[in-house]
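Since the structure comes first, as structure tokens, the remarks are kept for the end.
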Amino acid sequence: MSDQPTDQPSELLAARRAKLERIRAQGVEPFPHAFPGVTPIAEAQAPWQELEAGEERDDAYRIAGRLAARRGQGKMAFLDIVDRSGRMQVQARADVLGEEAMAQLIEFDLGDLVGIDGTIFSSRSGELTLRVTGFTLLAKSLRPPPDKHHGLQDVETRYRRRELDLIANEEARELFVTRAKIVSELRRSLDDDGFIEVETPVLQPLYGGALARPFITHHNTLDRDLYLRIATELYLKRCIVGGLERVYELGKDFRNEGLSTKHNPEFTMVEWYEAYADYGDAMDRVEQLVIGIAAVINYDGPVDFSAPWPRIPMAQAIKDATGIDISEATDRDTLVAAIAASDKVKLDVEDRAWPTLVDDLLSKYVEPAITNPVFITDYPTALSPFAKGHRSQPGLVERFEAFCSGMEFANAFSELNDPDEQRRRFEDQVRLAESGDEESQPYDEVFVQALEQGMPPTAGVGLGIDRLVMLMTGRDSIREVVLFPAMRD
RNA sequence: GCCGCCGUAGCUCAGUCCGGUAGAGCAGCGGGCUUUUAACCCGAAGCGCGCAGGUUCGAAUCCUGCCGGCGGCACCA
């Protein structure tokens with residue numbers, strides 16, 4: 001896999017370079033500065049859907065895009081032009097353009113960016129077509145495009161050279177347009193409900209807000225290491241302490257973990273925090289938000305997003321799936337015994353603490369079986385250092401995760417706002433770190449002091465945008481929904 | 001990190017099991033064609049098979065290692 005210019009077959013490149021020189025010799029600028037007055041193809045086509053085969057009109061349009069196909073016919077040719085909105089056939093005729101201009105147009109290569117002026121008509125076979133009255137080379141393409149019919153299939157090239165994927169595969173273009181719509185709708189919905197979008201540091205002196213290993217970088221002038229954020233949680237809660245009441249941040253988090261179909265080392269997350277609300281309110285909002293997004297993109301897939309989504313306590317979900325009752329097996333030895341006694345569950349229990357085993361049960365036996373959206377609620381305290389204790393269930397916190405299609409896509413809690421309790425949770429995390437857990441939380445005294453200032457009762461949610469896009473577009477790999485996924489060099 | 005599968009012209013693929021010296025379509029090149037739409041027809045050309053070794057008279061085909069990709073596990077939300 002290499003993409004040095006010299007790796008291209010010299011004849012293919014040379015032919016395009018030769019055309020470039022010929023074009024220049026004719027006094028034509030192959031890379032002009034602008035092309036004003038372009039109508040998107042879909043817009044040019046929209047009024048003429050009823051045009052009868054063979055009908056012609058005087059209405060003129062200017063379109064621009066990439067030359068995607070050519071069906072030559074000597075004195076007449078059909079060309080396909082593709083832009084972001086669609087594809088349109090244009091017809092070039094020697095008797096309209098003159099021999100010389102016809103020859104110039106015919107010499108354009110597949111992949112060239114061209115501007116076309118023409119009048120609308122419907123071909124004999126009924127295809128809406130633009131009869132070319134004028135054309136402009138907008139940028140010469142010096143490399144061959146992917147196959148015009150099969151598109152670009154090679155997965156590796158599709159990820160490494162996403163521009164080729166976008167050129168060749170309409171589904172790829174559509175997917176990233178859909179992704180943008182999802183993000184817009186998310187922002188619109190939160191904005192309309194009085195949330196304000198904020199920006200907090202990506203480079204952090206101390207990382208926190210999630211259980212993950214960070215990337216470390218270095219600031220030269222300060223001569224100190226900084227972490228790329230693994231979450232925005234702690235800063236956003238400081239905004240709540242400050243009285244901003246409803247805030248959200250949508251941006252990249254970075255986690256130094258393995259890659260998989262569900263994990264990219266940098267990924268997009270939205271977190272929002274709402275004062276005076278609890279995790280039940282947060283569930284309502286997640287539900288409403290996702291349903292709204294599905295509607296906006298005209299979701300048409302196997303998932304039934306309609307409300308209400310089941311809200312199942314974690315212990316119940318695990319009991320239903322495995323028969324093991326973690327509310328009975330509340331210490332490691334009892335739980336290990338229950339796992340050993342179970343014929344449904346096969347788990348490696350060695351070196352694994354009680355909370356980890358519970359998490360394993362959830363992720364191996366509950367999560368994969370979920371298809372339609374479900375909230376799993378009320379997690380053990382040990383797994384959730386920033387969540388508030390459950391109002392009626394000792395040992396648990398008011399936390400939920402939203403699952404769909406076998407995948408977690410949101411995580412939320414009634415936020416812990418008791419500073420002394422938070423301090424104790426940090427101390428627990430420090431003890432975990434000392435016993436070798438690389439994903440524990442570092443102690444963040446500044447954050448605890450912020451809580452001491454007084455934080456209102458607050459609900460906080462983190463929702464993975466990439467995963468949400470996967471759900472909405474039916475993709476099973478995060479690389480399909482990230483424009484430029486992480487790849488080895 | 002481990003296991004499995006994969007890597008052949010610019011692109012999409014066949015050929016690998018059962019070694020015999022690489023092929024098709026598209027694109028490109030030359031020519032023909034005023035309603036095609038995977039346009040079509042004729043002609044000439046293009047890859048030595050991810051990389052490096054090995055076995056063999058002979059390797060794209062078998063073996064080893066490495067690189068890259070995909071999937072799974074581990075790890076992890």
Side-chain angles (χ1 to χ4, degrees), chain A residues 1-3 7-16 18-19 53-54 56 67-80 87-97 102 106-107 109-111 121-129 131 141-161 164-165 167-169 210-213 230-231 253 255-265 267 269 348 356 359-360 362-364 367 383-384 401-403 406-411 438-439 462-464 466-467 476-480 485 487-489:
Chain A
M1 180 74 221
S2 165
D3 40 29
D7 291 340
Q8 295 280 336
S10 54
E11 318 89 88
L12 292 181
L13 295 184
R16 283 174 182 252
K19 284 185 187 177
E56 310 211 359
L67 181 56
R70 173 174 45 222
R71 295 171 291 282
Q73 196 92 192
K75 299 279 188 289
M76 193 264 283
F78 291 99
L79 313 175
D80 288 347
R87 168 185 285 249
M88 188 171 201
Q89 172 171 274
V90 306
Q91 182 202 47
R93 295 171 53 148
D95 59 355
V96 174
L97 293 169
M102 182 74 186
I106 290 300
E107 211 182 45
D109 286 308
L110 297 188
F121 76 102
S122 181
S123 74
R124 272 179 206 168
S125 55
E127 170 140 359
L128 210 50
T129 306
R131 175 160 301 141
S141 171
L142 295 172
R143 288 174 180 274
D147 188 278
K148 67 177 181 184
H149 180 242
H150 298 93
L152 179 62
Q153 300 299 322
D154 184 74
V155 175
E156 183 174 357
T157 309
R158 287 186 44 238
Y159 296 161
R160 287 189 193 275
R161 303 287 315 278
L164 297 180
D165 186 31
I167 287 171
N169 300 324
L211 303 176
R213 287 152 69 184
I230 60 173
D253 288 343
R255 296 186 186 174
N256 208 340
E257 314 277 8
L259 286 71
S260 81
T261 51
K262 295 183 178 114
H263 302 263
N264 200 53
F267 62 101
M269 174 95 113
D348 182 12
T356 315
D359 200 28
D360 286 348
L362 182 71
S363 58
K364 294 211 171 71
E367 185 171 339
L383 289 170
S384 318
E401 292 185 307
F403 295 87
M407 177 171 70
E408 179 223 339
F409 68 94
N411 177 31
E438 290 185 73
E439 286 165 356
L463 189 152
D466 309 287
R467 290 182 176 187
D476 51 18
S477 169
I478 196 169
R479 296 187 187 97
E480 291 291 337
M487 302 288 276
R488 258 176 242 272
D489 282 334

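To find a chain, count down the sequence lines: A is the first, B the second, and so on, and within it residues start at 1.
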For [X], answer base if it contacts any base atom (sugar-phosphate contacts may also be present), sugar-phosphate if it contacts only those atoms, and nothing otherwise; contact means non-hydrogen atoms under 4.0 Å.
X: A:Glu257; answer: sugar-phosphate
X: A:Phe409; answer: nothing
X: A:Ser260; answer: nothing
X: A:Gly151; answer: sugar-phosphate
X: A:Ala77; answer: nothing
X: A:Met407; answer: nothing
X: A:Gln153; answer: sugar-phosphate
X: A:Asn411; answer: nothing
X: A:Asp95; answer: base

Provide, to the nearest angstrom, the distance between the [atom1] atom belonging to [X] and the [atom2] atom belonging to [N].
X: A:Glu11; N: B:G46; atom1: CD; atom2: C1'; result: 6 Å
X: A:Arg16; N: B:C29; atom1: CZ; atom2: C1'; result: 13 Å
X: A:Asp165; N: B:G10; atom1: CG; atom2: P; result: 20 Å
X: A:Phe267; N: B:C76; atom1: CZ; atom2: P; result: 15 Å
X: A:Asp109; N: B:G28; atom1: CG; atom2: P; result: 7 Å
X: A:Met76; N: B:G32; atom1: CE; atom2: P; result: 17 Å
X: A:His149; N: B:G25; atom1: NE2; atom2: C1'; result: 11 Å
X: A:Gln73; N: B:A39; atom1: CD; atom2: P; result: 12 Å

Would you mind reporting whether [Y] and [X] have side-chain heavy atoms less than 4.5 Å apart?
X: A:Pro144; Y: A:Leu13; value: yes
X: A:Met76; Y: A:Arg71; value: no
X: A:Glu480; Y: A:Tyr159; value: yes
X: A:Leu79; Y: A:Leu67; value: yes
X: A:Leu259; Y: A:Arg479; value: yes
X: A:Met102; Y: A:Arg93; value: no
X: A:Glu156; Y: A:Met487; value: yes

Ignoring backbone atoms, establish whether [X] has a side-chain N or O less than 4.0 Å from OP1 or OP2 of [N].
X: A:Arg71; N: B:A39; value: yes
X: A:Arg160; N: B:G69; value: yes
X: A:Arg255; N: B:C76; value: no
X: A:Arg93; N: B:U35; value: no
X: A:Lys148; N: B:A27; value: yes

With both distances under 3.5 angstrom, what nucleotide forms a Watson-Crick or G-U wobble pair with [N]?
N: B:U61; value: none
N: B:G43; value: B:C29
N: B:C70; value: B:G4
N: B:U12; value: B:A24

Query raised in the report: Starting at the 5' end of RNA chain B, which residue's closest nucleotide do you reach first, A:Gly72 or A:Pro146?
Result: A:Pro146

Query raised in the report: More 5' along RNA chain B: A:Arg479 or A:Gly126, using each one's nearest nucleotide?
Result: A:Gly126

Please determine, for the side chain of [X], which listed nucleotide ([options]) has the closest atom?
X: A:Arg70; options: B:G68, B:U35, B:G28; result: B:G28
X: A:Ser363; options: B:C76, B:G10, B:G71; result: B:C76
X: A:Ser123; options: B:U36, B:U12, B:G68; result: B:U36
X: A:Leu12; options: B:C70, B:G10, B:A38; result: B:G10
X: A:Phe78; options: B:U12, B:G69, B:U35; result: B:U35
X: A:Lys19; options: B:A27, B:C11, B:C29; result: B:C29

Requested in this report: Could you grab the distance from atom CZ of A:Arg124 to atom OG1 of A:Thr129, nearest 0.5 Å is fine?
Outcome: 12.0 Å

Query raised in the report: Under the 3.5 Å rule, do the base of B:U35 and the side chain of A:Glu127 count as making a donor-acceptor pair?
Result: no

